[in-house]
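Notes for the one structure printed next.
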Amino acid sequence: MAYDHEEQEQLATMKAWWRKYGNLITWSLIVILGGYAAWTGWNAYQRNQSTQAAQLYESVQQSLESGDNTKVQRAVTDMQDRFGKTLYASMSGLAAAKSAVDAGDSKTAKTQLQWVIDHAKDEAYQAIAKVRLAGLLLDEKSYDQGLELLAGVKPAEFAALVADRKGDILVAQDKLAEARSAYQEALNKSDEKDPARPLIQIKLDALGGVGKTAA
């Protein structure tokens, strides 16, 4: 195909430009397309992981229904090893802790709760685990450790639960004035429909508190 003089100059300019920047553009496209492929593949992988984790969670639930703590712990360990980054692993860890407590195995319960604290991606699960672990530490008279753990709970929606558990620990330490303040805070920050409110009020009344404050 014949080109006139102007077209030949434009073609020469384009070739020179491509020689200078062509590799950069090509590699940039490869990176972009590669990134897109990786993102698409990662999403597919995540969906697959979630599906498999959900199936395994059914096995965990079945183990819980059987009341066999050994079987529960085995199933949950499998979940944590294979799908530790999923919400199912966090839920399973909390369930395993309760199963261990029911079986009188506080050591395993503490281990499971600590796993959730260390690995859960959702702060809500971490908060629940911290409050429950603080309860076990209360039973062991590890009061300062329990209070330190509660101080690290971040989600505001757990403020009432944290204050209530803090009050329990302070009572055990015979710090009654501080416990009264903690229970009052628990009442102030709890919802009127919170089923825990009557029990918090009873504990506050026992310490000579006022209470009755709506959330």
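For the numbers below, each heavy atom of this structure counts, side chains included, while hydrogens, waters and symmetry mates do not.
For Asp68, there are no salt bridge (charged side-chain N to carboxylate O under 4.0 Å, His left out) partners two or more places apart in sequence or in a different chain. When the side chain to side chain contact (heavy atoms under 4.5 Å, CB included) test is applied to Leu176, the partners found at least two apart in sequence or on another chain are Asp174, Leu207. Residues meeting the side chain to side chain contact (heavy atoms under 4.5 Å, CB included) test with Glu58, sequence neighbours left out: none. Contacts of Tyr125 classified as ring-ring contact (aromatic ring centres under 6.0 Å, His included), with partners at least two apart in sequence or in another chain: none. With sequence neighbours left out, the side chain to side chain contact (heavy atoms under 4.5 Å, CB included) criterion links Ala196 to Asp194, Ile200. Evaluation of the side chain to side chain contact (heavy atoms under 4.5 Å, CB included) rule for Ala100 yields Asn69, Gln73, Asp105, Thr108, Ala109 as partners, not counting sequence neighbours. Asp81 meets the side chain to side chain donor-acceptor pair (under 3.5 Å) test with no other residue; sequence neighbours excluded.
In this structure, OG on Ser59 lies 11.5 Å from CZ on Arg74, to the nearest 0.5 angstrom. How far CZ of Arg180 is from CD of Glu185: 15.0 Å, rounded to the nearest 0.5 Å. Rounding to the nearest 0.5 angstrom, the gap separating the CZ atom in Arg197 from the CD1 atom in Ile202 is 12.5 Å.
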Task: Steps toward salt bridge (Lys or Arg N to Asp or Glu O under 4.0 Å) verdict (Asp78, Arg82) - done: CA-CA 6 Å; Asp78 188 25; Arg82 295 173 58 191; 3.6 Å; yes
Open item on the list: Would Phe158 and Ile128 count as a side chain to side chain contact (heavy atoms under 4.5 Å, CB included) here? Give the steps.
Closed with: CA-CA 8 Å; Phe158 289 91; Ile128 294 170; 3.6 Å; yes
- [ ] Starting from the C-alpha separation in whole Å, work towards a yes-or-no answer on side chain to side chain contact (heavy atoms under 4.5 Å, CB included) for Leu56 and Gln52.
- [x] CA-CA 6 Å; Leu56 183 55; Gln52 293 184 50; over 6 Å; no
Per-pair distances, 0.1 Å, donor-acceptor, side chain in residues 132-151, under 3.5 Å, sequence neighbours excluded:
from	atom 1	to	atom 2	distance (Å)
Glu140	OE1	Lys110	NZ	3.0
Glu140	OE2	Lys110	NZ	3.3
Asp144	OD1	Gln173	NE2	3.4

Throw together a table of side-chain donor-acceptor distances under 3.5 angstrom for residues 89-98, partners on residues two or more places apart or in other chains.
from	atom 1	to	atom 2	distance (Å)
Ser92	OG	Tyr88	O	2.7
Lys98	NZ	Asp102	OD2	3.0

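Residue pairs meeting the side-chain hydrogen bond (donor to acceptor under 3.5 Å, both in side chains) criterion with at least one member in residues 150-168, sequence neighbours excluded: Asp164-Lys203, Asp168-Tyr183, Asp168-Lys203. Within the structure, ring pair (Phe, Tyr, Trp, His ring centres under 6.0 Å) pairs that include any residue of residues 94-120 comprise Trp115-His119 (at least two apart or interchain). The list of salt bridge (charged side-chain N to carboxylate O under 4.0 Å, His left out) pairs with a residue in residues 117-126, not counting sequence neighbours, is empty.
Taking each heavy atom of Pro155 and Ala124 in turn, the nearest pair found is CG-N, 4.3 Å. In plain terms, the two heavy atoms of Gly167 and Ala179 that are nearest each other are O-CB, 3.7 Å. The two residues Ala75 and Ser63 have their closest heavy-atom pair at CB-OG, 4.1 Å. Pairing each heavy atom of Met79 with each of Ala53, the nearest pair is CE-O, 3.3 Å.
Side-chain atoms of Lys130 do not come within 3.5 Å of backbone N or O of Ile117 as any donor-acceptor pair.
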